[in-house]
Each structure stands twice: as C-alpha cells, then as structure tokens.
Amino acid sequence: MRAASLSRRTAETDVTVSIDLDGTGKADIATGVGFLDHMLDLFARHALFDVTVKVEGDLHVDQHHTTEDAGIALGQAFAKALGDKRGIARYADIHLPMDETLSRVALDISGRPFLVFRTQFRVEKIGQFDTELVREWFQAFAMNAGITLHVETLYGDNAHHIAESCFKGLARALRGAVAVDAREEGRVPSTKGSL
C-alpha cells in the first residue's frame with residue numbers, strides 16, 4: 001500500500017498529514033486558512049489521493065508558516081508513500097485550463113528537488129490569502145517530495161483561477177507520474193537503478 005502519515009511540530013506550527021496515493025480523492029483538510037483548505041481539497045480530488053492535513057499554526061502572525069509547513073509535511077509524506085518508486089511512470093505533464101486561465105505543469109519524480117514557478121498574480125490577496133504564498137507552498141512541497149517541478153501560467157486574469165489551475169495541474173500531473181506502468185515490471189524507472 002502506497003500510503004504514509006507523519007507529524008511535524010515546530011514553535012510555529014503543529015502539522016499532521018496522511019496520504020494514500022491509491023485512494024479515491026477523499027480529503028479531510030483543516031489548516032485554519034480557508035483558501036489553502038480549498039486548494040488542498042481540490043488537489044486530493046484531482047490527484048485521486050486520499051489526503052488528510054491538520055494544522056494548528058501561528059495565524060495571529062500571518063498565514064505563511066501554516067502554508068509552508070503544510071507543504072513541507074505533505075511533501076515528506078508523499079515521498080515516504082512512494083517508497084523506492086518501483087514501477088512508476090515517473091514523468092508527467094498537463095495543460096490545465098480554468099476558465100480564462102491556462103497553466104502548464106510538468107514534473108519528474110526524480111529525487112532531485114527543483115522548482116521553476118513562472119506564475120504571476122496581479123493582486124496581493126485572494127480573499128484573506130496572500131497570493132505570494134502559492135509559490136511558497138509549491139516550493140515547500142517540491143523540495144520535500146523530491147520532485148523536479150515546473151509550473152507556468154501561460155495566461156490568465158483571475159487570481160483564484162490562476163492558483164486553482166496550478167494546484168489542479170499539479171494534482172493531475174502527479175496522478176499520471178505515480179501511476180504504475182506494467183511494462184516497467186517493477187523496475188525503478190532510471191538507468192541508475194534508483195531515484
């Protein structure tokens with residue numbers, strides 16, 4: 001079973017997460033940040049991962065630590081759930097439309113974390129959520145999941161749609177990349193023999 005749970009506690013946040021890569025898209029999300037809850041809920045649904053994320057954070061300061069630490073913990077759980085990555089497709093990409101917005105997400109479950117994030121927001125906030133935190137979450141997730149991740153919004157106007165296209169794009173690309181390819185016959189998809 002490709003699933004993992006973990007807890008991460010700092011002076012700023014107390015995070016508990018779980019992920020099942022072979023789930024049905026069930027989500028149980030409570031971070032205290034409404035917009036982040038919405039993004040993680042749709043992430044689980046479109047990846048078909050069962051995801052739980054519970055965070056108690058220093059929201060009296062701002063939403064930064066809660067958002068970043070949720071990404072760190074979920075990335076760590078994702079990497080743990082994948083194990084040695086035997087038989088996975090490894091690479092995936094998608095163009096994800098969201099009304100007037102189109103974002104491209106390409107990734108490699110490489111064990112070499114890297115993020116290219118070419119997405120801009122014309123406003124500083126979506127409701128009470130700082131738009132700069134979208135990149136922070138993606139950075140935290142990619143570094144801790146051990147994936148090479150490229151996210152680019154090709155065009156779009158509405159900040160909510162832009163963020164949503166990025167999260168949904170990541171979800172759909174991960175769904176493809178973690179899929180088991182029967183032709184791999186249980187091998188690690190690398191000439192090195194490990195990822």
Side-chain angles (χ1 to χ4, degrees), residues 1-83 85 88 92 94 96 98 103 105 107 109 113 125-131 133-147 149 151 159-180:
M1 188 171 199
R2 300 186 303 169
S5 299
L6 63 84
S7 295
R8 182 178 189 275
R9 186 174 196 152
T10 70
E12 298 163 341
T13 62
D14 187 357
V15 184
T16 302
V17 301
S18 67
I19 190 168
D20 180 349
L21 303 181
D22 300 307
T24 60
K26 295 177 189 171
D28 184 9
I29 313 293
T31 67
V33 179
F35 186 75
L36 180 61
D37 289 357
H38 177 43
M39 293 298 104
L40 295 179
D41 184 58
L42 62 84
F43 168 81
R45 176 65 184 88
H46 290 279
L48 290 181
F49 299 161
D50 291 344
V51 176
T52 300
V53 180
K54 303 289 185 184
V55 186
E56 291 183 17
D58 56 356
L59 295 178
H60 63 284
V61 176
D62 66 10
Q63 299 175 350
H64 187 282
H65 299 140
T66 294
T67 301
E68 182 178 35
D69 289 4
I72 289 170
L74 194 57
Q76 290 172 347
F78 174 85
K80 185 177 175 183
L82 265 181
K85 306 173 187 75
I88 65 168
I94 190 166
L96 199 294
M98 178 69 194
S103 292
V105 177
L107 61 86
I109 300 177
K125 289 191 178 284
I126 303 170
Q128 299 301 310
F129 187 79
D130 293 331
T131 52
L133 295 180
V134 174
R135 187 190 191 287
E136 290 300 319
W137 186 89
F138 275 81
Q139 176 79 16
F141 181 82
M143 294 303 107
N144 288 276
I147 64 175
L149 176 60
V151 180
H160 189 129
H161 296 166
I162 291 169
E164 190 163 331
S165 70
C166 293
F167 275 90
K168 284 180 176 176
L170 174 62
R172 293 299 296 220
L174 284 174
R175 179 174 164 178
V178 303
V180 175

A.B. asks: So how far is it from Asp69 CG to Leu74 CG, rounded to the nearest 0.5 Å?
C.D. replies: 12.5 Å
A.B. asks: Looking at Ala70 and Val55, what are the two nearest heavy atoms and their distance?
C.D. replies: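 Result for this residue pair: CB-CG2, 4.2 Å.
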A.B. asks: Take the angle between the ring planes of Phe141 and Trp137 and call it parallel below 30°, perpendicular above 60°, tilted in between.
C.D. replies: parallel
A.B. asks: I want to check something: taking the side chain as every heavy atom from C-beta on, are Glu68 and Glu12 in contact at a cut-off of under 4.5 Å?
C.D. replies: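 Heavy-atom side-chain distance check fails, nothing below 4.5 Å.
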A.B. asks: Once you round to the nearest 0.5 Å, how far does CZ of Phe167 lie from CG of Leu36?
C.D. replies: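 If I round to the nearest 0.5 Å, the distance is 6.0 Å.
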A.B. asks: Work out which heavy atom in Ala27 is nearest to a heavy atom in Ala44; give both atom names and the distance.
C.D. replies: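 Minimum heavy-atom separation between Ala27 and Ala44: CB-CB, 3.8 Å.
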A.B. asks: Between Asp37 (side chain only) and Thr31 (backbone N and O only), is there a donor and an acceptor less than 3.5 Å apart?
C.D. replies: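 Checking the backbone N and O of Thr31 against the side chain of Asp37, a donor-acceptor pair under 3.5 Å is found.
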A.B. asks: Just so I know, are the side chains of Leu170 and Leu107 near enough to count as touching, which here means a heavy-atom distance under 4.5 Å?
C.D. replies: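 Of all side-chain heavy-atom pairs linking Leu107 with Leu170, at least one is under 4.5 Å.
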A.B. asks: Among Thr52, Val53, Leu42, which residue satisfies the side chain to side chain contact (heavy atoms under 4.5 Å, CB included) criterion with Ile29?
C.D. replies: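 Exactly one candidate clears the test, Val53.
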A.B. asks: Specify the closest pair of heavy atoms between Ala92 and Ala177, including all atoms of both residues, with the distance to one decimal.
C.D. replies: CB-N, 3.7 Å
A.B. asks: Report yes if the side chains of Gln63 and Asp130 come closer than 4.5 Å at any heavy-atom pair, otherwise no.
C.D. replies: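 A side-chain contact under 4.5 Å is absent here.
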A.B. asks: Atom CZ in Arg172, atom OG in Ser165: separation rounded to 0.5 Å?
C.D. replies: 14.0 Å
A.B. asks: According to the interplanar angle, ranging from 0 to 90°, do the rings of Phe43 and Phe49 count as parallel (below 30°), tilted (30 to 60°) or perpendicular (above 60°)?
C.D. replies: perpendicular
A.B. asks: Decide yes or no for Phe138 and Val105: does some side-chain heavy atom of the first lie under 4.5 Å from some side-chain heavy atom of the second?
C.D. replies: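 When only atoms from C-beta onward are counted, Val105 and Phe138 do not touch, as no gap falls below 4.5 Å.
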A.B. asks: Between Ala4 and Ala81, which heavy-atom pair has the shortest distance, and what is it?
C.D. replies: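 Residues Ala4 and Ala81, closest heavy atoms: CB-N, 3.7 Å.
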A.B. asks: Please report the interatomic distance CG(Leu21) to CG(Leu48), rounded to the nearest 0.5 Å.
C.D. replies: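 Between atom CG of Leu21 and atom CG of Leu48 there are 11.0 Å.
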A.B. asks: Between atom CG of Leu82 and atom CD1 of Ile147, what is the distance when rounded to the nearest 0.5 Å?
C.D. replies: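 Output value for this atom pair is 9.5 Å.
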A.B. asks: Work out which heavy atom in Ala77 is nearest to a heavy atom in Leu6; give both atom names and the distance.
C.D. replies: N-CD2, 3.5 Å
A.B. asks: Taking NZ in Lys26 as the centre, count heavy atoms belonging to other residues, nucleotides or ligands within less than 6.0 Å. Is the count above 12?
C.D. replies: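 Not buried by this count: 12 neighbours or fewer within 6.0 Å.
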A.B. asks: Given side chains that start at C-beta, do those of Val51 and Val17 come closer than 4.5 Å, heavy atoms only?
C.D. replies: no
A.B. asks: So does Arg45 have more than 12 non-hydrogen atoms from other groups sitting under 6.0 Å from CZ?
C.D. replies: no
A.B. asks: Under the side chain to side chain donor-acceptor pair (under 3.5 Å) rule, collect the residues that match up with Arg2, sequence neighbours excluded.
C.D. replies: Asp22
A.B. asks: Can Asp50 and Thr24 be said to form a side chain to side chain contact (heavy atoms under 4.5 Å, CB included), step by step?
C.D. replies: CA-CA 6 Å; Asp50 291 344; Thr24 60; 3.6 Å; yes
A.B. asks: What distance do His46 atom NE2 and Glu164 atom CD have between them, rounded to the nearest 0.5 Å?
C.D. replies: 7.0 Å
A.B. asks: Would you say Ile109 and Phe78 make side-chain contact, with heavy atoms under 4.5 Å?
C.D. replies: yes
A.B. asks: If the condition is side chain to side chain donor-acceptor pair (under 3.5 Å), which residues does Glu136 pass it with, not counting sequence neighbours?
C.D. replies: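 Testing Glu136 for side chain to side chain donor-acceptor pair (under 3.5 Å), a comparison that skips the adjacent residues, returns none.
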A.B. asks: Would you name the heavy atoms of Leu59 and Gly32 that are closest together and state the gap between them?
C.D. replies: CD1-O, 3.4 Å
A.B. asks: Do Asp28 and Lys54 come close enough that some side-chain heavy atom pair is under 4.5 Å?
C.D. replies: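 Yes - at least one pair of side-chain heavy atoms lies under 4.5 Å apart.
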